[in-house]
Amino acid sequence: NTPNTTPGAPDTVNVGVIAILDVAPIYLGKSKDFFTKRNINLNLIQATGGAAIVPAVVSGQYQFGFSNMVSLLIASSNGLPLKVVCNGNNSTGVDGSDFAALMVKADSPIKTAADLAGKTVAANTLKNIVDTSVRASVRKAGGDPKSVKFVELPFPQQPAQLQSGQVDAVFVVEPFQQAVLAQGGRKIASSYVDVAPNLVVASYFTSQQMLSGNPDLVKRFTEAMKESLAYADSHPDEARQIIGTYTQIAPEVIAKMTLPKWPADVNRPAVQTLADLALGDGLLAKAADLNALLP
Amino acid sequence: MSRALWGLAGLAIFAALGEALPRLGLISPLYAPPLSRILSLLGDQVQQPRFWTATVDTLKTWALGLLIAVVAGVVLGVAIGAVPVLRAATASTIEFLRPIPSVALIPLVSLLYGATITSTLVLVVYASFWQVLVQVLHGVADVDPVAHDTARAYRLGRWARVRYLFWPTALPYAVTGVRLAASVALILAITGELLIGSPGLGREIGNAQDSGAVPQMYALVIVTGLIGLAANLFARMAERRVLAWHPAIRGEVPV
Amino acid sequence: MTLARRIVTLLGLPVVLVATWWFLSAGSTDFYRPSLQRIVTAFQQTWFSERLVVDVLPSVARLAVGYLIALVIGIALGMMIGANRWLRALCEPVLEFLRAIPPPVLVPIIMLVAGIGNTTKVIVIVSGCVWPVLLNTVEGVRGVDEVLADTCRSYRITGLNRWRHLVLRSASPQIVTGARQGLSVGIILMVISELFAASSGLGFTIVQFQRGFQIPEMWSGVLVLGLIGVVLAQLFTIAERRILAWYHGIRSSQREW
Amino acid sequence: MLEVQGLRKVYDGHGRRVEAIADLTFTVGGGEFACVVGPSGCGKTTLLRCIAGLLPPTSGQVRVAGEPIAVVFQEYGRSLFPWLRVAQNVELPLKAAKMPRAQRQRQVDEALAAVGLADAHDAYPWQLSGGMQQRVAIARAIAYGPSVLLMDEPFAAVDAQTRADLEDLIRSVWQRLGVTLLFVTHDIDESVYLGQRVIVLSSAPTRVVENIVIDLPGERDQLTTRADPRFAELRARIYAHIKKLPSQRAEHGSTHDLSR
Amino acid sequence: MLEVQGLRKVYDGHGRRVEAIADLTFTVGGGEFACVVGPSGCGKTTLLRCIAGLLPPTSGQVRVAGEPIAVVFQEYGRSLFPWLRVAQNVELPLKAAKMPRAQRQRQVDEALAAVGLADAHDAYPWQLSGGMQQRVAIARAIAYGPSVLLMDEPFAAVDAQTRADLEDLIRSVWQRLGVTLLFVTHDIDESVYLGQRVIVLSSAPTRVVENIVIDLPGERDQLTTRADPRFAELRARIYAHIKKLPSQRAEHGSTHDLSR
Ligand SMILES: Nc1ncnc2c1ncn2[C@@H]1O[C@H](COP(=O)(O)OP(=O)(O)OP(=O)(O)O)[C@@H](O)[C@H]1O
Ligand SMILES: Nc1ncnc2c1ncn2[C@@H]1O[C@H](COP(=O)(O)OP(=O)(O)OP(=O)(O)O)[C@@H](O)[C@H]1O
Ligand SMILES: [Mg+2]
Ligand SMILES: [Mg+2]
């Protein structure tokens, strides 16, 4: 399962990531040599989303991957042999100041998530963490989550479509939160915060085969990853700086962005809440087996 | 020569529009920045190795995919076309497989191969293969009966017939097929990169979009357009050399 | 050829291929390559339901509208450009440039102008279908037979009559070729247009299945796309046989002698 | 009436300059049947296209009294619209001229009957033999009701038997309609057999070499006319002008077919 | 030697059944020059394709003593490969027969010289006139060194002057090479002028109507041979068999060109 088996030589490890700010720790960790010092030659491969990374990890092309938690729950409940190795990123847990937000136009009559009944909300992917979280916000605000309509729209297009009135609300992450703010948009909810305190948004994972075939490498990777997460969490300025190297976000925007939290360990109750919500929303065919998935 | 000048004039007018429309506020410069801005960003891009890696990746996928498709298409096309039984037996299958849109394979290949060059390559090969195959089949079917009789009367063997009769007859069709395939292949290479996330210009475009970097995105889009333009010019040139004897090439009839 | 032999040549290979697939994949444990049997079951469950109305029909309707618009624009512009040498020289590089831009990268741009409704999706389809039609029309118009053109001039067949009876008809074999290519591009773009800003549609559904790791359902979606492609190609062939009856007649009469 | 005066045509382009016609002057009277013969490449087609107004002369003038002009081209296969049926082909120029439907129908029927194709209305041109196709082209010209009819080697590509039939057809059509007919050919026999007058062109630079009145009787037929000694004489005389063969031999008036 | 015995060919397909040849039997001696004439559509091309082995007869037999057989088709434009230069076209059959390079070269040069195209080696066929193209096809046949040469109306589409030249070329080639030559044409004059024997076919259902020995002198030329009274007689005799014209007229032995 490891591409490089020469004794003594560093293990080359392919990790599938998405070029968003959530994965700043692994880039930072790489630049800080947290991986090389554990004899891991880290090779970061950018993909468009978890849906492309999961198969690559299962088939062994990548040894590890980064994906949002709901995708992992769905994959796992469909029988894919996945194993989370460590946390990815969490919401800040601060209502009104998260790295993602449910937002409306400046002059929108919508004041709270409850007002979204019958309205259209843009989500970057449907039947996933975003719509589940937004429904949670609506529910929490006392509205009817079933009456909210979702339309799939990639993040980059959301600010413009919100502005032109094609959608009533958007759920955006950084840097698009800044873009909506810049055009006068308002936050009406921090949905990730509404789901659960310290919601686990994403995590790093590997396959069961990898885990049983090369437990030592998994262990070393997990250690390095945890060190990276901790470092990024405590050095936000360096994290901001590294984001500029693998994305094309303008520096002035990077400076203003709200960063997520990067705890090293998975917040199991939050995942449980998420899994229950996903089951309720029909995303999962059957209840997820968290013991199999989580470390 | 004056043709080329006209063409350049056309490009110049187009460029001028690209500059003027955003400047005059007819299009929001936020979403469609003026051309000069895009070009200056393009100037920055070309100094970065990352840009060149992406370009080379795209070109590699494109060229390799095209090559595989052309070789497979031509070989299969001539083989199937030259044997009537084979042609009859495969006709329905080809008619069925051909219209399956290559993007239908995107979810499949991204599952099977992940965000790798292989994924995009499969798409490119699949899409361009049919263009070549169908053209070559048409071409072989178009063999002149008199020429065929001539070959048989002079006892040309099967191989000689393929070499001197079927192949030259099919060649103009094949060249057209290759030209069509080249542009389809480029489009799918970039689409694949954009949607699957395999390395290349397409992914860079996706990246620029995800970062909200609109001018960068346009700069890359222009690069893809230019590559397409160059590929087409190149294909036309090759056509002129290979098909010097063909009526369409040897005398251009003025309208 | 007897009827039996006809049927064998027509169905022989497809049957063999499907049977091979069926038996090779039987009992497959590979998560991503389920057995054909499971795919067929998923197909029945998935597509013989309201999905047909909710997802397939709107997709096909958008395709039809976009395709027809592309035909009209492509033929009209193509006739203008094809008939005018300067215009052709002027436009050719720009057209080639625009054509080389992959439609998916245009989607966000189009969305800015046209919103996220059906309009955008139709425009995306048009933006891809129009090129083969346009370029082939240009070539077809250029290829008008000189003797026929002289005949028209000497009999004073001018203006609209000339366009209708000479130019359009002589270009029609080429236009049909372009239209056929445009159709396959159209199906591709139908899917692509639904990958952005959609909440229903065939392409959307297939990607949902993919993201939801519902693999047999996803395969069945790919099959549906294939079937749509085949059905449309057949419809096209029927239409072509009518429109180009004269052309095929010439070809077959030449072949016989 | 048809008057060609000092006609000159130079093709210039693509780095090649061809003086197709040096200087041509001749007149064809109203209702006359004139043939133009000349060696291949001497500019017969060019002349005809200038007369038909399809090509601007380099200098000189063409005057045609009476409109319209109908043209029958050599390449029948390419001058009929393959996507129109026979009747529609014949009808199209009339339709373009906005003739009322009923009259159009009548003229088409008459013209097709005249060329013996009354029952081929609904065929496509490519379903017909070469000779039949050329007859459709002739029917189209007739139906157009021209006062001047131009024909450019209309029979060069049909077989010998059909050719003889078509020659007779053309003479009968001309006699019935009374049109001015200019018939271009490179076949000397044909020109003598058909016309009232033969205009003989030299090879390039092209000029009129001779203008011979054909004093054969008006009633002609393939057997007797061609057997007429006068026919042989006229043919030999033209032949002497065109060919570089020893002229005394040809002038013997031998009746063997020299033009073949 | 070439022997056709009880040959019958029925085309059957596409819901249409045509009996192209009913029953043909004839023999052509080794080194003989025989012409086959018959009306259009009587099955001459079919016969030739059967002899050349391009078409299986429905019944009957074709026996050809001596190999190889070379064929010259009517459609020279389509029987030459446009993507090969003149010399390559002539060389191709030799190459396919695996002849050594040097000998190939020599035979190609000789053949092209024989048809007067020694300096057209490097031209493409479409850069040549029709007559020159047909000469290339003849050169290809000659170079192939056949013992039997079959020609299917090879001059039907070339102009009259070229045709006369090509006819003489064929006769001289035949005299030099001593091949068995079967020449198919629908032109009676041509058959009489060229052959030692003329096999006259009826129209469908096709049979041999007559088998006429042409007792004209071996040395023939366009002027004197065609003027020979014997020539006119032979031609009239054939003509009487083919045409449905009142036969007494044709038998008068008039010398006008009936076949046109
Ligand atoms: N479009 C053209 N451009 C340049 N030269 C031309 C063009 N058309 C004809 N010519 C030249 O003009 C001369 C006369 O040609 P034209 O076709 O009028 O001859 P023709 O007498 O009709 O010959 P034929 O009997 O073979 O039909 C030829 O030398 C030919 O090469
Ligand atoms: N491939 C074919 N399929 C069906 N019928 C055919 C085919 N080829 C020829 N025929 C028919 O066979 C008959 C003889 O045709 P063939 O071409 O041999 O005549 P031909 O004597 O060579 O005529 P021509 O002098 O016009 O060349 C015709 O009636 C024709 O319609
Ligand atoms: Mg001419
Ligand atoms: Mg024939």
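Protein chains get the first letters and strands the later ones, always in sequence-line order, with residue 1 at the start of each.
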Practice task
For residues B/Leu201 and B/Phe51, determine if any side-chain heavy atom of one lies less than 4.5 Å from a side-chain heavy atom of the other.
Solution key: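 Yes, at least one pair of side-chain atoms sits under 4.5 Å.
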Practice task
For the residue pair E/Gln88 and B/Tyr164, establish whether any side-chain heavy-atom pair is separated by less than 4.5 Å.
Solution key: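 No, too far: nothing below the 4.5 Å cut-off.
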Part of [X] within contact of chain B (heavy atom distance under 4.5 Å):
{"X": "E/Ala141", "result": "both"}
{"X": "E/Ala52", "result": "backbone"}
{"X": "E/Arg85", "result": "neither"}

Identify which of [options] forms the greatest number of heavy-atom pairs closer than 4.5 Å to chain B.
{"options": "E/Leu92, E/Leu150, E/Leu80, E/Leu84", "value": "E/Leu92"}
{"options": "E/Gly53, E/Ala97, E/Ala70", "value": "E/Ala70"}
{"options": "E/Ser79, E/Ala137, E/Ala96", "value": "E/Ser79"}

Problem - ring-ring contact (aromatic ring centres under 6.0 Å, His included) contacts in which one or both residues fall within residues 135-154 of chain B, not counting sequence neighbours - result: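 For residues 135-154 of chain B: B/His148-B/Phe166, B/Tyr154-E/Tyr144.
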Exercise for the section: Determine, for E/Asp109 against E/Arg106, whether the closest basic-nitrogen to carboxylate-oxygen distance falls under 4.0 angstrom. Expected result: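 Salt bridge flag = no for E/Arg106 with E/Asp109.
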Exercise for the section: Mind telling me whether E/Trp174 and E/Phe33 have parallel, tilted or perpendicular rings, with 30° and 60° as the class edges? Expected result: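 If you compare the ring of E/Phe33 with that of E/Trp174, the planes turn out perpendicular.
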Problem - Whether B/Trp130 and B/Tyr126 hold their rings parallel, tilted or perpendicular, with breakpoints at 30° and 60° - result: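 The arrangement is perpendicular - the two ring planes meet at more than 60°.
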Exercise for the section: Would you mind checking which part of B/Asp144 comes under 4.5 Å of any heavy atom in chain E, side chain (CB onward), backbone (N, CA, C, O), both or neither? Expected result: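 Contact with chain E is through the side chain of B/Asp144 alone.
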Practice task
Please look at B/Leu165 and chain E and tell me whether the side chain, the backbone, both or neither of the residue comes under 4.5 angstrom of a heavy atom of that chain.
Solution key: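 Its backbone and side chain both get close to chain E.
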